[in-house]
A.B. asks: 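Next up is a structure, given as structure tokens.
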Amino acid sequence: MSVGIFDSGLGGLTVWDAVTRRLPDLAITYYGDNAHAPYGVRTADDIHTLTRNAVYGMWDGGCDLVVLACNTASAAALRRMQEAGVPQGKRVLGVFVPLIEALTERGWGDNSPPREVAVSQVALFATPATVASRAFQRELAFRAIGVDVEAQACGGLVDAIEEGDMILAEALVQSHVDALRRKMPHPQAAILGCTHYPLVAEAFRTALGDNVTVFSQADIVAESLADYLARRPGMARGGTGRMLTTGDPKRVSTRATQFLRRPVTFEAA
Ligand code: DGL
């Protein structure tokens with residue numbers, strides 16, 4: 001049974017890449033719903049329906065565990081899917097909690113009461129749907145007190161990355177960082193709260209400057225998945241890895257290879 005990694009498109013590849021490095025023997029089925037990307041401008045209902053269909057398809061295809069390597073899906077669909085109940089033996093996990101645990105200096109599953117942490121001014125960059133959900137602030141409030149979060153919805157950025165237009169993507173990063181700074185001039189930490197954004201991490205780092213610690217999810221999620229699987233070894237026994245897309249496999253393979261600087265070949269989902 002391979003472990004499933006899901007995203008609306010190319011962004012989850014940043015998580016896939018980190019997981020393949022952290023767990024080189026793990027069989028992974030990656031599923032990019034490129035035909036319907038971006039999710040971040042859709043309604044919560046729409047995101048839930050698309051995510052639910054994809055995850056059920058991955059469960060039926062033999063993955064017992066699916067990681068939503070997509071903040072937008074984690075924000076809009078995860079809780080609703082878990083509350084509706086998942087099939088016997090199947091699991092779905094999101095990417096918010098490991099990131100917030102890292103930001104608030106907590107170990108895995110530390111559910112102790114909220115406390116003061118090192119940072120008090122945090123900039124969140126995410127898709128419009130993630131920002132509108134306020135899921136990040138909700139999860140943070142369970143773990144930390146006294147942290148101001150200023151959220152910047154980065155309209156257009158996922159489209160530019162999916163199109164491979166990196167000049168536009170970098171210009172959008174600069175303008176979204178400028179817009180954030182007008183609301184919060186001196187953030188101490190910045191969260192790249194969309195798995196597409198590590199593909200332009202350098203542009204974020206340059207625009208934010210050296211005094212801002214940038215948190216991005218790929219390595220954090222890979223570490224947390226390694227920990228999860230060590231506790232539940234049965235969830236990842238055997239299986240073969242596959243790269244699936246609802247988009248054009250040739251086009252998606254070209255972009256993925258270009259972004260990750262390693263050969264990646266997709267097939268039609
Ligand atoms: N990569 C996704 C995320 O982490 C979603 C991007 C989108 O489709 O808008 O939010």
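Quantities reported herein were computed from a predicted structural model and do not represent experimental measurements.
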A.B. asks: For residues Asn34 and Glu162, determine if any side-chain heavy atom of one lies less than 4.5 Å from a side-chain heavy atom of the other.
C.D. replies: yes

A.B. asks: Work out which heavy atom in Ser216 is nearest to a heavy atom in Pro198; give both atom names and the distance.
C.D. replies: CB-CG, 4.1 Å

A.B. asks: Does atom CD (Gln258) have a neighbourhood of more than 12 heavy atoms from anything else shown, all under 6.0 Å?
C.D. replies: yes

A.B. asks: Would you sort out whether Glu150 and Arg181 count as a salt bridge (charged side-chain N to carboxylate O under 4.0 Å, His left out), showing the intermediate values?
C.D. replies: CA-CA 9 Å; Glu150 196 59 67; Arg181 277 203 191 279; over 6 Å; no

A.B. asks: For Asp60 and Lys90, what are the C-alpha separation, side-chain angles and deciding distance, and is it a salt bridge (charged side-chain N to carboxylate O under 4.0 Å, His left out)?
C.D. replies: CA-CA 10 Å; Asp60 291 343; Lys90 304 291 184 186; over 6 Å; no

A.B. asks: Is the closest side-chain heavy-atom distance between Asp45 and Arg80 below 4.5 Å?
C.D. replies: yes

A.B. asks: Atom CZ of residue position Arg115 - does it have more than 12 heavy atoms of other residues, nucleotides or ligands inside 6.0 Å?
C.D. replies: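 Enclosed: over 12 neighbouring heavy atoms sit under 6.0 Å from CZ of Arg115.
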
A.B. asks: With sequence neighbours left out, which residue pairs that include part of residues 248-269 fulfil the ring pair (Phe, Tyr, Trp, His ring centres under 6.0 Å) condition?
C.D. replies: Tyr30-Phe266

A.B. asks: Scan residues 92-108 for pairs that pass salt bridge (Lys or Arg N to Asp or Glu O under 4.0 Å), counting only residues two or more places apart or in two chains.
C.D. replies: Arg106-Asp110

A.B. asks: Can a side-chain donor-acceptor contact be found between Asp33 and His36 if the only test is distance below 3.5 angstrom?
C.D. replies: yes

A.B. asks: Report the hydrophobic cluster partners of Phe6, with the cluster defined as I, L, V, M, F, W, Y residues connected by side-chain heavy atoms closer than 4.5 angstrom, directly or transitively.
C.D. replies: Tyr31, Tyr39, Ile47, Leu50, Val55, Tyr56, Met58, Trp59, Val66, Leu68, Leu78, Met81, Val86, Val92, Leu244

A.B. asks: Would you say that Leu229 contacts Met235 through its side chain, given a criterion of any heavy-atom pair below 4.5 Å between the two side chains?
C.D. replies: yes

A.B. asks: Is the number of heavy atoms from other residues, nucleotides or ligands within 6.0 Å of NZ (Lys250) greater than 12?
C.D. replies: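 No - once you tally the heavy atoms of other residues, nucleotides and ligands closer than 6.0 Å, there are 12 at most.
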
A.B. asks: Can any side-chain N or O of Arg143 pair as donor or acceptor with the backbone N or O of Glu139 at less than 3.5 Å?
C.D. replies: yes

A.B. asks: I'd like to know if Ile220 and Leu225 are part of one continuous hydrophobic network [Ile/Leu/Val/Met/Phe/Trp/Tyr, side-chain heavy atoms within less than 4.5 Å].
C.D. replies: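 Shared cluster, no.
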
A.B. asks: Look up atom NE2 in His48 and atom CG in Asp46, then write down how far apart they are to the nearest 0.5 Å.
C.D. replies: 11.5 Å

A.B. asks: Applying side-chain hydrogen bond (donor to acceptor under 3.5 Å, both in side chains), can you list everything that pairs with Arg232, at least two apart in sequence or on another chain?
C.D. replies: none

A.B. asks: Under 4.5 Å between side-chain heavy atoms, hopping through other hydrophobics if needed: is there a path connecting Val158 to Ile191?
C.D. replies: no

A.B. asks: Scan side-chain atoms only and decide if Thr20 and Arg262 contain a donor-acceptor pair under the 3.5 Å cut-off.
C.D. replies: yes

A.B. asks: What side-chain hydrogen bond (donor to acceptor under 3.5 Å, both in side chains) pairs are there with at least one residue in residues 117-131, not counting sequence neighbours?
C.D. replies: Thr72-Thr127, Thr72-Thr130, Ser120-Gln188, Gln121-Asp148, Thr127-Thr130

A.B. asks: Show your working on salt bridge (charged side-chain N to carboxylate O under 4.0 Å, His left out) between Arg231 and Asp227 and close with a plain yes or no.
C.D. replies: CA-CA 7 Å; Arg231 289 159 206 265; Asp227 207 28; 3.2 Å; yes

A.B. asks: Does any non-hydrogen side-chain atom of Phe136 lie less than 4.5 Å from one of Leu99?
C.D. replies: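 The answer is yes, as the side chains (C-beta and beyond) meet within the 4.5 Å cut-off.
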
A.B. asks: Enumerate, atom names and distances included, each donor-acceptor pair closer than 3.5 Å involving a side-chain atom of residues 202-215, sequence neighbours excluded.
C.D. replies:
from, atom 1, to, atom 2, distance (Å)
Glu202, OE2, Arg205, NH1, 3.2
Thr206, OG1, Glu202, O, 2.8

A.B. asks: To the closest 0.5 Å, what do you measure between CG (Asp7) and OG1 (Thr195)?
C.D. replies: 4.0 Å

A.B. asks: How close do Ala126 and Gly193 get, heavy atom to heavy atom, and via which atoms?
C.D. replies: CB-O, 3.6 Å

A.B. asks: Rounded to the nearest 0.5 Å, what separation is found between the CG atom of Asn71 and the OG atom of Ser8?
C.D. replies: 10.0 Å

A.B. asks: Evaluate the side chain to side chain contact (heavy atoms under 4.5 Å, CB included) criterion for residues Leu140 and Leu103: first the C-alpha distance (whole Å), next the side-chain angles of each, then the deciding distance (0.1 Å), finally the verdict.
C.D. replies: CA-CA 9 Å; Leu140 185 65; Leu103 179 76; 4.0 Å; yes

A.B. asks: Do you know which two heavy atoms are closest between Arg21 and Pro24, and how far apart they sit?
C.D. replies: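 Between these two residues, the closest heavy atoms are O-CD, 3.7 Å.
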
A.B. asks: Under a 4.5 Å cut-off applied to non-hydrogen side-chain atoms, are Glu267 and Met243 in contact?
C.D. replies: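 Sidechains of Met243 and Glu267: no contact.
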
A.B. asks: For a side chain to side chain contact (heavy atoms under 4.5 Å, CB included) check, start with the C-alpha distance between Val264 and Ser253, then their side-chain angles and the critical distance, and finish with the verdict.
C.D. replies: CA-CA 6 Å; Val264 186; Ser253 303; 5.9 Å; no

A.B. asks: Please step through side chain to side chain contact (heavy atoms under 4.5 Å, CB included) for the pair Ile5 and Thr29, ending with a clear verdict.
C.D. replies: CA-CA 6 Å; Ile5 296 186; Thr29 296; over 6 Å; no

A.B. asks: What distance do His196 atom NE2 and Leu199 atom CG have between them, rounded to the nearest 0.5 Å?
C.D. replies: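 Answer for the NE2-CG pair, His196 versus Leu199, is 7.5 Å.
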
A.B. asks: Mind checking the OG-CG spacing from Ser175 to Leu180? Nearest 0.5 Å is all I need.
C.D. replies: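 Between atom OG of Ser175 and atom CG of Leu180 there are 11.0 Å.
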
A.B. asks: Closest approach of Gly94 and Pro98, non-hydrogen atoms and distance?
C.D. replies: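 Heavy atoms of Gly94 and Pro98 come nearest at O-CD, 4.2 Å.
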
A.B. asks: Quick check: closest heavy atoms across Thr246 and Ala35, and the distance to 0.1 Å?
C.D. replies: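 Here Thr246 and Ala35 meet closest at OG1-N, 3.0 Å.
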
A.B. asks: Applying the 4.5 Å side-chain criterion to the ILVMFWY set and letting contacts propagate, would Val122 and Val95 be lumped into a single cluster?
C.D. replies: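 No: no chain of side-chain contacts under 4.5 Å links Val122 to Val95.
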
A.B. asks: When you group the ILVMFWY residues by side-chain heavy-atom contacts below 4.5 Å and let the links chain together, are Met166 and Tyr197 in the same group?
C.D. replies: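 Yes, Tyr197 connects to Met166 through the hydrophobic network.
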
A.B. asks: Working note: Trp16 + Leu260, criterion side chain to side chain contact (heavy atoms under 4.5 Å, CB included); need CA distance, chi angles, decisive distance, verdict.
C.D. replies: CA-CA 10 Å; Trp16 174 85; Leu260 298 184; 3.7 Å; yes

A.B. asks: Rounded at 0.5 Å granularity, tell me how far CD in Glu170 sits from CG in Leu157.
C.D. replies: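 That separation rounds to 10.0 Å.
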
A.B. asks: Check for me, please, whether Phe96 and Val15 land in the same ILVMFWY cluster - side-chain distances under 4.5 Å, paths through other members count.
C.D. replies: no

A.B. asks: How close do Ser133 and Ala75 get, counting heavy atoms only, and between which atoms?
C.D. replies: OG-CB, 3.4 Å

